[in-house]
Amino acid sequence: MLFSRLFRFPSHDMAIDLGTVNTVVYVRGKGIVLNEPSVVAIETVNGIQRVKAVGRDAKLMMGKTPDSIRTIRPLRDGVIADIEVAEQMIKHFIQKANGGPSRLPRFPEIVLCVPSGSTSVERRAIRDAATNAGASRVWLIEEPMAAAIGAGLPVIDPVGAMVVDIGGGTTEVAVLSLRGLAYSSSVRVGGDKMDDAIAASVRRRHNLVIGETTAERIKHELGSALPPTEEGISMHVRGRHLAEGMPKEVIISQAEVADAIHEAVSQIIGTVRTALESTAPELAADIIDQGIVLTGGGALLSRLDEALSAATGLSVTVAEYPLNCVALGSGRTLEDPDYKGVLTEV
Ligand code: ADP
Ligand code: MG
């Protein structure tokens, strides 16, 4: 009696949101236990490559590594750019979430959420990585479905709901009903494109070269989907001057950041509009009632909800924990048998 309870309870079944920027791990009965950048630092010594750091430690090295170390984001554009490195990363995170390599009470089941642009070959490779890391069964969940469940949308009732998940590499737009995706589309536009556009703009306007970490920080502090109505705020930014080659500091304004990311924002809005135009009338009626819910880190971009609402005429809300929705939704399928139907086994 006691034994069976012991064996049942501390099972380390987990759900993993393998994002292009962040990986979030949910453990059954515990909730989210890990949230780290999807970054791996690889060191090459005498022609042999080995993993130097994974996650937060690897991200700290980005843009600052000596020639012998490279930092890689294996999922960068929503596809699995480097499957071997992706596998190393998944194993590392699974072990970390388990509290170490050898403490598994039994072989766990793992629910994986992979970018919907990934091919079946990539999905199988990811499954193998999870299996090699000790998983007994591996399930997949569609990313927008996970995001919608995590945002608390009514995906089981026959009600149409629209979710827009804005990640680093991709934006996924989906209409859900009856445990399925009535419509979904994915575009390769997200936070990374905005960071690139900010770096390009700073280079053009100020002759200053900045790294992607700095560009992202500018976006977080000044970024806005709509131009500031008044002067807006500004910040000091350091980089290397293009002509002089020396470290230099310039002042960046909110208006120029809004201008730089305008195109990426427009593409996201365009994708949402196309989705609405393609939605069956009955579902469209539901969406008018429910509005649109934004998830993913990009949902935190200032005034994106306002811009989307203006472009669609619908109410737009940001989910409570946008960065965690996918992991929370995937995790929900481990806790609640009603949600098991949204998984596919691979
Ligand atoms: P993924 O699922 O692709 O890993 P996430 O959902 O974790 O992506 O979101 C990461 C993206 O969200 C990054 O591009 C990051 O810069 C962006 N982001 C996070 N916070 C903010 C913010 N406050 N303003 C704008 N973008 C943000
Ligand atoms: Mg994501």
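Each ligand, and each atom within it, is numbered from 1 in the order the structure gives. Throughout, residue positions are numbered sequentially from 1 according to the sequence presented.
- If you check each of Ser38, Gly297, Gly191 against atom 18 (N) of ligand 1, the one with the closest non-hydrogen atom is Gly297.
- Residue-to-ligand polar distances place His220 within reach of ligand 1: an N/O pair is separated by less than 3.5 Å.
- Expressed to the nearest 0.5 Å, how far CG of Leu276 lies from CD1 of Ile292 amounts to 5.0 Å.
- Short contacts between ligand 1 and Gly298, defined as distances under 4.0 Å to a heavy atom of the residue, involve ligand atoms 12 (O).
- Salt-bridge annotation for Arg28 and Glu109: absent, with no side-chain N of the basic residue lying under 4.0 Å from a carboxylate O of the acidic one.
- Heavy-atom contacts of Gly168 reach the following atoms of ligand 1: 1 (P), 3 (O), 8 (O), 14 (O) (cutoff under 4.0 Å).
- The salt bridge (Lys or Arg N to Asp or Glu O under 4.0 Å) test with Glu345 singles out one residue from Arg123, Arg137, Arg127, and that residue is Arg137.
- No N or O atom of Gly167 sits closer than 3.5 Å to an N or O atom of ligand 1.
- Side-chain N/O atoms of Glu87 and Asn132 include a donor and acceptor closer than 3.5 Å.
- Regarding atom 7 (O) of ligand 1, its nearest protein heavy-atom neighbour is Asn22 ND2, 2.7 Å.
- The atoms of ligand 1 that sit less than 4.0 Å from any heavy atom of Leu300 are 20 (N), 21 (C), 22 (C), 23 (N), 24 (N).
- In terms of polar-atom proximity, Thr20 is counted as a contact of ligand 1, with an N or O under 3.5 Å from an N or O of the ligand.
- Salt-bridge formation is detected for the pair Glu212/Arg76: a Lys NZ or Arg NE/NH1/NH2 atom is positioned less than 4.0 Å from an Asp or Glu carboxylate oxygen.
- Listed by number with element, the atoms of ligand 1 under 4.0 angstrom from any heavy atom of Gly296 are 6 (O).
- Closest to atom 2 (O) of ligand 1, if we only count protein heavy atoms, is Gly19 CA, 3.7 Å.
- Looking only at distances, a side-chain donor or acceptor of Arg273 sits under 3.5 Å from a matching main-chain atom of Ala311.
- Heavy-atom proximity to Lys219, at under 4.0 Å, picks out these atoms of ligand 1: 13 (C), 14 (O), 15 (C), 16 (O), 17 (C), 26 (N).
- In this structure, Asp259 pairs ionically with Arg205, as a charged nitrogen and a carboxylate oxygen lie closer than 4.0 Å.
- The closest side-chain donor-acceptor pair between Thr170 and Ser186, if any, does not fall under 3.5 angstrom.
- For ligand 1, the polar-atom distance check finds no N/O of Leu323 at less than 3.5 Å from any of the ligand's N/O atoms.
- In summary, the atoms of ligand 1 found under 4.0 Å from a heavy atom of Val21, numbered by their order in the structure, are 1 (P), 3 (O), 4 (O), 8 (O), 10 (C).
- Close N/O approach between Asp165 and ligand 1 is not found [any backbone or side-chain N/O within under 3.5 Å].
- Shown in contact with Glu216 at under 4.0 Å from a heavy atom are these atoms of ligand 1, numbered in order with element: 13 (C), 15 (C), 16 (O).
- With respect to Met145, the side-chain contact (heavy atoms from CB on, under 4.5 Å) criterion is satisfied by exactly one of Val155, Leu343, Thr333: Val155.
- The shortest N or O to N or O distance between Asp195 and ligand 1 is not under 3.5 Å.
- Side-chain atoms of Glu256 and His206 form a donor-acceptor pair, as typed in the model, at a separation below 3.5 Å.
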